[in-house]
Amino acid sequence: QVQVVESGGGLVPAGGSLRLSCATSGRTSSRYAMGWFRQGPGKERDFVAAISWSGLSTYYADSVKGRFTVSGDNAKNTVYLQMNSLKPEDTAVYYCAASGTPLTGLSHRIKSEYDYWGQGTQVTVSS
């Protein structure tokens, strides 16, 4: 079993920045890709970004490309999401997830491919 805990959310004005962290523990040897998803009020949980286990490949939703950066520190079993130029429409609960099996390509964008989820952290961007 892998435990996933997000942190770093908060309230920020439009144009500001936040960095979310996602720490994993437990059987981290069973963890492969890491993904970030978000769920706004009354909306579905959507893909934001992901990073492969090797860290060599990253994936982004079109809506955040160029503004958000996902990175990882395997030694710390932690993944980060640096969010810049934040917009009010980025307001959501952000969830971190870990896959228990290797993912390839577009699979990184599919939430059903992830086995372990955190509780989420609220990000609110004021206009």
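Here the structure is a predicted model, which means the values were calculated and not measured.
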Query raised in the report: Is the side chain of E113 donor-acceptor paired with the backbone N or O of S107 at a distance under 3.5 Å, no angle test?
Result: no

Note: Y60 and T58 closest approach over all heavy atoms is CE1-OG1, 3.6 Å

Between E6 and Q119 (side chain of the first, backbone of the second, donor and acceptor by atom type, cut-off under 3.5 Å), is there such a pair? yes

- Going by heavy atoms in the side chains, are M83 and L20 under 4.5 Å from each other? yes

Smallest heavy-atom separation, L81 atom then A49 atom, equals CD1-CB, 4.0 Å

For S54, the side chain to side chain donor-acceptor pair (under 3.5 Å) test, sequence neighbours excluded, returns S52

When every non-hydrogen atom of S127 is compared with those of P88, the smallest separation belongs to CB-CG, 3.8 Å

Value for CH2 (W36) from SG (C22), rounded to nearest 0.5 Å, stands at 5.0 Å

V79 and I51 have their tightest heavy-atom pair at CG1-CG2, 4.1 Å

Residues pairing under salt bridge (charged side-chain N to carboxylate O under 4.0 Å, His left out) where one sits in residues 33-57, two or more places apart or in two chains, turn out to be R38-D90

Output for pair (M34 CE, L103 CG), nearest 0.5 Å, gives 11.0 Å

Using a 4.5 Å cut-off on heavy atoms from C-beta on, say whether the side chain of L18 contacts that of V123.
yes

Self-check item: Heavy-atom check, side chain of V70 versus side chain of Y80, under 4.5 Å
Solution: no

Shortest non-hydrogen pair, S126 vs L11, comes out as CB-CD1, 4.3 Å

Residue pairs passing the ring pair (Phe, Tyr, Trp, His ring centres under 6.0 Å) test with at least one member in residues 90-115, sequence neighbours excluded, are F37-Y114, Y59-H108

Please check if the side chain of T24 supplies one atom and the backbone of V4 the other of a donor-acceptor pair under 3.5 Å. no

query = With no hydrogens and no angle check, is any side-chain donor or acceptor of S85 less than 3.5 Å from a backbone partner on G15?
reply = no

Contacts of N84 meeting side chain to side chain donor-acceptor pair (under 3.5 Å) (sequence neighbours excluded), chain-then-number -> S17, Q82

- Please confirm whether the backbone N or O of G105 pairs with a side-chain atom of R109, one donor and one acceptor, at under 3.5 Å? no

Residue set satisfying side chain to side chain donor-acceptor pair (under 3.5 Å) with T124, at least two apart, ordered chain then number -> Q122

Residues pairing under salt bridge (charged side-chain N to carboxylate O under 4.0 Å, His left out) where one sits in residues 9-19, two or more places apart or in two chains, turn out to be none

Counting only N and O atoms by type, is there a donor-acceptor contact under 3.5 Å from the side chain of D73 to the main-chain atoms of T78? no

Worksheet item: Are V48 and W117 connected in the hydrophobic side-chain network, where two residues link if heavy atoms are under 4.5 Å apart?
Response: no

- Item | Note, L86 side chain near F68 side chain (heavy atom, < 4.5 Å) | yes

